[in-house]
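I have placed the structure first, in the form of structure tokens, so that the comments after it can refer back to it.
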2 protein chains.
Amino acid sequence: MDKDLTTEQKILEAARKIFLAKGLDGARMQDIADEAGINKAMLHYYFRSKDKLFQQIFAEVAGHFLPKIMAIFESEKTLFEKIETFCHEYISQVVQTPYVPIFILNEINRHPEEFLKKLFRNQMPPVQKMVKQLEKENEQGIIKKVEPLQLLLNVLSLCIFPFVAKPMIQIITGMDGTGFNEMMEQRKREVSTLIINSIKK
Amino acid sequence: MDKDLTTEQKILEAARKIFLAKGLDGARMQDIADEAGINKAMLHYYFRSKDKLFQQIFAEVAGHFLPKIMAIFESEKTLFEKIETFCHEYISQVVQTPYVPIFILNEINRHPEEFLKKLFRNQMPPVQKMVKQLEKENEQGIIKKVEPLQLLLNVLSLCIFPFVAKPMIQIITGMDGTGFNEMMEQRKREVSTLIINSIKK
DNA sequence: GTCTATATTCCGATAGAC
DNA sequence: GTCTATCGGAATATAGAC
């Protein structure tokens with residue numbers, strides 16, 4: 001389980017798992033210590049407090065995922081290619097770590113403090129670039145006239161929401177984890193064709 | 001503030017507000033007592049324990065919202081009418097209580113215990129009825145052939161996700177609450193036309 | 001650096017007077 | 001029914017030996 005990681009690495013790995021599963025308020029330092037296979041006192045030796053440890057984990061998790069979203073409209077591809085790429089890559093990745101989206105969204109809801117705002121302001125999506133591309137491809141007659149924010153919300157909603165609602169979906173449909181993943185695999189094409197057809201002229 | 005409600009009503013009102021804002025793990029009995037303007041001991045006098053109080057609140061909140069969702073495909077209208085009605089009514093309602101969706105989804109994630117499953121099994125959506133309507137309208141040449149679960153997920157994702165991500169959206173775009181509500185007003189048409197165009201033949 | 005033991009704070013729950 | 005005071009346990013955090 002622990003291989004030959006340093007103690008600090010073991011703590012971070014355990015803390016990520018526990019915080020993702022239980023959230024800041026629900027997680028116990030004892031849970032993290034047990035998961036890491038070490039003593040509770042070590043957590044404070046390395047990270048001083050529960051809050052400090054959490055902030056590091058949150059910064060890592062959010063700092064890894066938000067850029068993926070922000071980069072949707074960064075590259076130099078056509079809009080259609082960007083949308084298709086995003087849907088496939090995002091779903092492929094989050095299938096591996098399905099609790100990340102609700103973890104991030106929930107913690108933002110519960111603790112909308114300053115450090116959160118800073119985290120986001122440093123990663124403002126290139127909205128202007130996206131707007132320009134929309135205008136350009138509209139003039140070229142490739143796509144319809146669309147509201148940028150609504151389009152962005154459509155893509156994010158369709159890709160992310162199923163993960164946020166995963167337990168509810170499984171309860172209602174009776175699916176197991178594998179069934180859910182297969183459904184999400186199918187969903188890559190579903191979402192990208194839905195979006196593209198909605199803006200294609 | 002408290003008007004002439006009974007003590008029990010004051011407690012329930014306060015508990016709903018605090019639990020919605022902080023979740024089960026983050027809420028304190030003291031917070032609820034303060035919000036209700038009464039003493040902490042009264043909470044136990046009326047509801048015995050924090051857990052009992054929470055379960056009552058959760059059952060009320062979920063019991064009020066889930067049937068709305070389940071009823072999407074209950075009525076006798078055409079599919080197009082159902083979708084349009086749902087988008088408008090759901091968004092109108094949740095604008096009034098924007099934290100309900102993430103509250104429900106988060107608690108299901110954190111505590112997928114038996115009482116949750118029961119709550120849902122009592123409210124199984126009429127999937128079969130929906131499937132039949134899809135087949136029928138498909139044969140009549142009104143709509144394309146579609147995957148029922150994917151269609152359902154599309155509608156729910158597009159309507160619900162923006163509320164789940166509301167704080168993040170506001171931070172990123174710089175919107176205030178009013179701006180968000182205006183955007184959601186616009187979104188009623190955005191979502192229903194997007195969905196309907198995707199299945200219309 | 002790692003552990004055991006302990007301090008300290010916080011919080012859910014109860015006892016008991018009114 | 002409502003309050004004050006307090007208990008008892010749990011959780012974060014620290015002290016100190018090794």
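To find a chain, count down the sequence lines: A is the first, B the second, and so on, and within it residues start at 1.
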Please determine, for the side chain of [X], which listed nucleotide ([options]) has the closest atom?
X       : options                : value
A:Lys40 : C:dG12, D:dT12, D:dT14 : D:dT12
B:His44 : C:dT14, D:dT12, D:dT14 : C:dT14
A:Arg28 : D:dT12, D:dC3, D:dG1   : D:dT12
A:Tyr46 : D:dA15, C:dT2, D:dT12  : C:dT2

Write down the distance between [atom1] ([X]) and [atom2] ([N]), rounded to a whole number of angstrom.
X       : N      : atom1 : atom2 : value
B:Asp34 : C:dC11 : CG    : P     : 12 Å
A:Ile18 : D:dT12 : CD1   : C1'   : 16 Å
A:Leu53 : D:dA11 : CG    : C1'   : 15 Å
A:Met42 : D:dA15 : CE    : C1'   : 15 Å
A:Met29 : D:dA13 : CE    : C1'   : 8 Å
A:Phe54 : D:dA11 : CZ    : P     : 18 Å
B:Asp51 : C:dA13 : CG    : C1'   : 13 Å
B:Lys50 : C:dT14 : NZ    : P     : 15 Å

Do the side-chain N or O atoms of [X] get closer than 4.0 angstrom to the phosphate oxygens (OP1, OP2) of [N]?
X       : N      : result
B:Thr7  : D:dG1  : no
A:Ser49 : D:dT12 : no
A:Arg48 : D:dA13 : no

Can A:Gln186 and A:Glu190 be counted as having a side-chain donor-acceptor contact under 3.5 angstrom?
-> no

Ignoring hydrogens and geometry, is there a side-chain-to-backbone donor-acceptor pair from B:Lys68 to B:Glu89 under 3.5 Å?
-> no

Got a salt bridge between B:Glu76 and B:Lys129, using NZ or NE/NH1/NH2 to carboxylate O under 4.0 Å?
-> yes

Between CD1 on residue A:Ile102 and CD on residue A:Glu107, distance to nearest 0.5 Å =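 Atom-to-atom, A:Ile102:CD1 and A:Glu107:CD are 10.5 Å apart.
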
Aromatic ring pairing A:Phe103/A:Phe54, orientation class (parallel under 30°, perpendicular over 60°, tilted between) | perpendicular

May I ask you to say what A:Ala27 touches in the nucleic acid, namely base, sugar-phosphate or nothing, with a heavy-atom cut-off under 4.0 Å?
->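 Sugar-phosphate only.
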
